[in-house]
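Comments concern the structure below.
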Amino acid sequence: MCIQNTETHKGRKMAFIIDGKKISSEIKDELKEKVAEYKKNGIEITLAVIQVGNDPASTVYVGNKKKACEYIGIRSLSYELEENISERELLDLIEELNGRKDVNGILVQLPLPKHIDEDLVIKTIAPEKDVDGFHPQSVGALSIGQEGFVSCTPAGIIQLLKRSNIEIEGKECVVIGRSNIVGKPISLLMLRENGTVTICHSRTKDLKEVTKRADILIVAIGKPKFVTREYVKEGAVVIDVGIHRNAENKLCGDVDFDDVEPIVSAITPVPGGVGPMTIAMLMYNCVSSVELKK
Ligand code: NAD
């Protein structure tokens, strides 16, 4: 492990705090330069963003994605559809966008209202415009090591590790969670980076025994402050994917940061860890769509 926790606070070593805000800003600035280069060569990148209904959380996420596009120089097309739009109408819009040469990426903000089949919607997006990386073809490509879009949160975790000089190769990597959007794809990516990967889930026996083996522990369990120091090996690297809001409206993760930080070598905070990386990697996917198109 390259990380050394040399900082001290009141006589104790402190963990290296993996700064997702800083790393995501670096990525966005690199992309901004790349987009400016493309523009000089007459190439414009366009992302179509579709929101169905007006769920407040979705509105915030969509707004942040559009802001990031603006910052980087990506054109965003906004489709705000009524909550009661039919599944057919949504599929028709996606098919129209699939056929448009000026549209590089299509993003449908999830979750969708119950009367719409999310899997069908994802499957309808052309794989070469699937910047969220959720299409079965993108997931299949990831699992057999072929080129394709990688879903944004897991791709962001790899960037956090690499840009913090944390080696993955040969390390014991344990992932808690097996969801399609985080647990499974991050496990495949860690494997691609030559980690030795174990996936834990709600039926795993002796969870603590398994997680304590981890050099790198990735937590995507969806339960506030679930992981305490009893789950963590001393000196491990801990990546916290969870996002929760407590009663005082404060954000926290799946890891009990205050309890775990004193014994680990590196850890992501919440907020400011994995969270900001998701949008940065969405922007990365939009920009790389130009290469993929070629
Ligand atoms: P999910 O609910 O789909 O999956 C949770 C996983 O945890 C499941 O696979 C389940 O088997 C496992 N699990 C549940 N209880 C367990 C237990 N007691 N022991 C072991 N495993 C258990 O969640 P998700 O969509 O993967 O999201 C996980 C967390 O990450 C959530 O807090 C979510 O809000 C957050 N998230 C953050 C981002 C981001 O951009 N930072 C993106 C996606 C999700």
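First listed ligand is number 1; within each ligand, the first listed atom is number 1. This structure is a prediction, so every number in the text was calculated from the model and none was measured.
- Side chains of Lys123 and Gln137: a donor-acceptor N/O pair is absent below 3.5 angstrom, by distance only.
- The single protein non-hydrogen atom nearest to atom 10 (C) of ligand 1 is Ser202 N, 4.0 Å, given as residue, atom name and distance.
- If you check each of Ile243, Thr204, Ile221 against atom 17 (C) of ligand 1, the one with the closest non-hydrogen atom is Ile221.
- Ligand 1 lies nowhere less than 4.0 angstrom from a heavy atom belonging to Gly183.
- Shortest contact from atom 35 (C) of ligand 1 to any protein heavy atom: Val241 O, 3.4 Å.
- Here the heavy atom of the protein found nearest to atom 39 (C) of ligand 1 is Thr278 OG1, 3.7 Å.
- Residues Lys21 and Asp19 are not paired through a salt bridge, judged by the lack of any N-O separation under 4.0 Å between the basic side chain and the carboxylate.
- At the shortest separation from atom 42 (C) of ligand 1 among protein heavy atoms lies Thr153 OG1, 3.3 Å.
- Residue Val274 approaches ligand 1 through these ligand atoms, each under 4.0 Å from one of its heavy atoms: 41 (N).
- Residue-ligand proximity: Ile181 is placed with a non-hydrogen atom under 4.0 Å from ligand 1.
- For atom 2 (O) of ligand 1, the nearest protein heavy atom is 4.0 Å or more away.
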With side-chain contact (heavy atoms from CB on, under 4.5 Å) as the test, would you mind laying out the steps for Lys212 and Val232 before giving the verdict?
CA-CA 5 Å; Lys212 268 184 147 159; Val232 182; over 6 Å; no
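- Using a 4.0 Å cut-off to heavy atoms of Leu207, the atoms of ligand 1 that qualify are 19 (N), 20 (C).
- Atom 20 (C) of ligand 1 has its nearest heavy-atom neighbour, among His201, Arg178, Arg203, in His201.
- A donor-acceptor pair shorter than 3.5 Å can be found between the side chains of Asp29 and Tyr71.
- Shown are Lys171, Met190, Glu167; of these, the side-chain contact (heavy atoms from CB on, under 4.5 Å) with Leu161 is made only by Met190.
- Side-chain atoms of Thr59 and Gln51 include a donor-acceptor pair closer than 3.5 Å.
- Counting the atoms of ligand 1 from 1 in the order shown, those under 4.0 Å from a heavy atom of Gly242 are 29 (C), 30 (O), 32 (O), 35 (C).
- Scanning the protein heavy atoms around atom 24 (P) of ligand 1, the nearest turns out to be Ser179 OG, 3.6 Å.
- Those atoms of ligand 1 with a heavy atom of Phe226 less than 4.0 angstrom away are 18 (N).
- In summary, the atoms of ligand 1 found under 4.0 Å from a heavy atom of Ile176, numbered by their order in the structure, are 20 (C), 21 (N).
- Between Asp102 and Arg75 a salt bridge is recorded (basic side-chain N to carboxylate O distance below 4.0 Å).
- The heavy atom nearest to atom 29 (C) of ligand 1, out of those in Gly222, Gly273, Pro271, is found in Gly222.
- Heavy-atom proximity to Val182, at under 4.0 Å, picks out these atoms of ligand 1: 26 (O), 43 (C), 44 (C).
- Environment of CD in Glu147: sparse, with no more than 12 heavy atoms of neighbouring residues, nucleotides or ligands closer than 6.0 Å.
- Interface of Gly275 with ligand 1, defined as ligand atoms under 4.0 Å from a residue heavy atom, comprises 41 (N).
- Here is the list of ligand 1 atoms found below 4.0 Å of a heavy atom in Lys223: 14 (C), 15 (N), 16 (C), 18 (N).
- For the pair Tyr38/Ile45, a side-chain contact is recorded, criterion being any heavy-atom separation below 4.5 Å from C-beta on.
- Here Asn180 contributes atom CG and Phe134 contributes atom CZ; the two are 9.0 Å apart, rounded to the nearest 0.5 Å.
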Evaluate the side-chain contact (heavy atoms from CB on, under 4.5 Å) criterion for residues Glu118 and Leu110: first the C-alpha distance (whole Å), next the side-chain angles of each, then the deciding distance (0.1 Å), finally the verdict.
CA-CA 8 Å; Glu118 255 177 35; Leu110 302 177; 3.7 Å; yes
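- At least one heavy atom of His244 sits closer than 4.0 Å to an atom of ligand 1.
- Judged purely by distance below 3.5 Å, without hydrogens or angles, the side chains of Ser288 and Glu291 never pair a donor atom with an acceptor atom.
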